[in-house]
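Only one structure is covered here, and it is reproduced in the block below.
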Amino acid sequence: MHVKDTLNIYGEAIDSRLLIGTALYPSPDIMTQSIEASGAGIVTVSLRRQQSVAAGDDFWQLIKNTGLKILPNTAGCHSVKEAITLAQMCREVFATDWIKLELIGDDYNLQPDPFALLEATEILINDGFKVLPYCTDDLVLCQRLNELGCEVLMPWGAPIGTGKGLLNSYNLKTIRERLPNTTLIVDAGLGLPSHACQALELGYDAVLLNSAIAGAGCPITMSRAFKAAVEAGRFAYNAKAMPEKDLAAPSTPTMGMPFWHQQ
Amino acid sequence: MNITLNGELLDLTSHALLEILKEYGAVAPYAVAVNGIFIPKSQHNGFVINEGDSIELLSPIQGG
């Protein structure tokens, strides 16, 4: 019997292994077309001060019309208190207990603060949230978050918006090996579809990206490219790659080689 | 009474959160925090704002 290979987010089966952000697109129309082309099942959103009522409401209508699952974030928060308050506000507005917990520790590279992240995660989980923490690729941090009850972890590939890809695939691979039953998503830093493919080949369950698509010359086409890359990476992971070797080995049979190669 | 709403200094007569939001022109969907503490919608009616309080009125926006 064929078992559907879906992404598991806190017990919910999601068909696509690509999560996509809604920011930085050249226009709302390109945003909606890019989201559609990506095949994503989850989109990320945020909350900010209500200024232009019409613009904000238009955006929210567009997102609601996609019918996709919503993953709100706490982007821009620098303290546990800010993140907790914003998460609670998100839960009310977006009617979801999922929260992409972002807690910035350093403005230079927008690196998550691992200590504040643990503190906020514990408070939010005790308050009934399903936390998806954006974290560094530190194994022990990931283990601690997992022990607190995070069923999904989102280590970075590289700093947000850099497009550098997987800067430390060794760390990411180690996290995968040490937390085999946790849903792992590479979040941030991807620039090319090959980066996404590599993450999936490592056994990561999904990737979350925004700038790589929104900042491309043609976001809609890039969305298609990422969709294909994620599918290719997952197929490759499931197919189990051949072992790497140091020495060449012929693929064409040597038996029956033409006479001019024989002594 | 002087308060701030989304960083804007306002001089208001009403102390009722719901009235202040209405006067400001708040349009759903939104969530509210007062002095950095989330105030659930179920508590908006009857919630009293005091001199110097800071209200945050947030709505959906693009996010990564």
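Convention: sequence-line order gives letters A, B, ...; per-chain numbering from 1.
Note: A:Leu47 leads A:Asn210, A:Leu24, A:Leu47 in heavy-atom pairs under 4.5 Å with chain B. Here B:Gly63 is the residue among B:Gly36, B:Gly63, B:Pro29 with the most heavy-atom pairs under 4.5 Å with chain A.
Taking 4.5 Å as the limit, every side-chain heavy atom of A:Glu36 sits out of range of all side-chain heavy atoms of A:Thr32. For the pair A:Lys69/A:Trp98, a side-chain contact is recorded, criterion being any heavy-atom separation below 4.5 Å from C-beta on. Side-chain contact between A:Cys90 and A:Ile99 is present, with at least one heavy-atom pair separated by less than 4.5 Å. Between A:Lys100 and A:Leu208, the closest side-chain pair of non-hydrogen atoms falls below 4.5 Å. No side-chain heavy atom of A:Asp205 sits under 4.5 Å from any side-chain heavy atom of A:Val152. A:Leu132 is listed as a side-chain neighbour of A:Ile9, based on a closest heavy-atom distance under 4.5 Å. Looking at B:Leu58 and A:Arg49, their side chains come closer than 4.5 Å, going by heavy atoms from C-beta outward. Between A:Trp156 and A:Asp137 the shortest side-chain heavy-atom distance falls below 4.5 Å.
Contact annotation for residues 49-57 of chain B against chain A (heavy-atom separation below 4.5 Å, listed by residue number): B:Glu56, B:Leu57. Taking non-hydrogen atoms and a 4.5 Å limit, the residue list of residues 5-15 of chain B in contact with chain A, ordered by number, reads B:Asn6, B:Gly7.
Interface residue A:Glu92: only side-chain heavy atoms are found under 4.5 Å from chain B. With a 4.5 angstrom heavy-atom cutoff, A:Leu86 touches chain B only via side-chain atoms. Proximity to chain B is limited to the side chain of A:Phe94, based on heavy atoms less than 4.5 angstrom apart. Only the side chain of A:Glu102 comes within contact range of chain B, with heavy atoms under 4.5 Å apart.
A:Asn73 places a side-chain N or O within 3.5 Å of a backbone atom of B:Gly64 that can act as its donor or acceptor partner. A:Thr22 places a side-chain N or O within 3.5 Å of a backbone atom of A:Thr44 that can act as its donor or acceptor partner. Between the side chain of A:Tyr204 and the main chain of A:Leu172, a donor-acceptor pair closer than 3.5 Å is present.
Ring orientation note: the planes of B:Tyr30 and B:His44 are close to parallel, at an angle under 30° on the 30°/60° scale.
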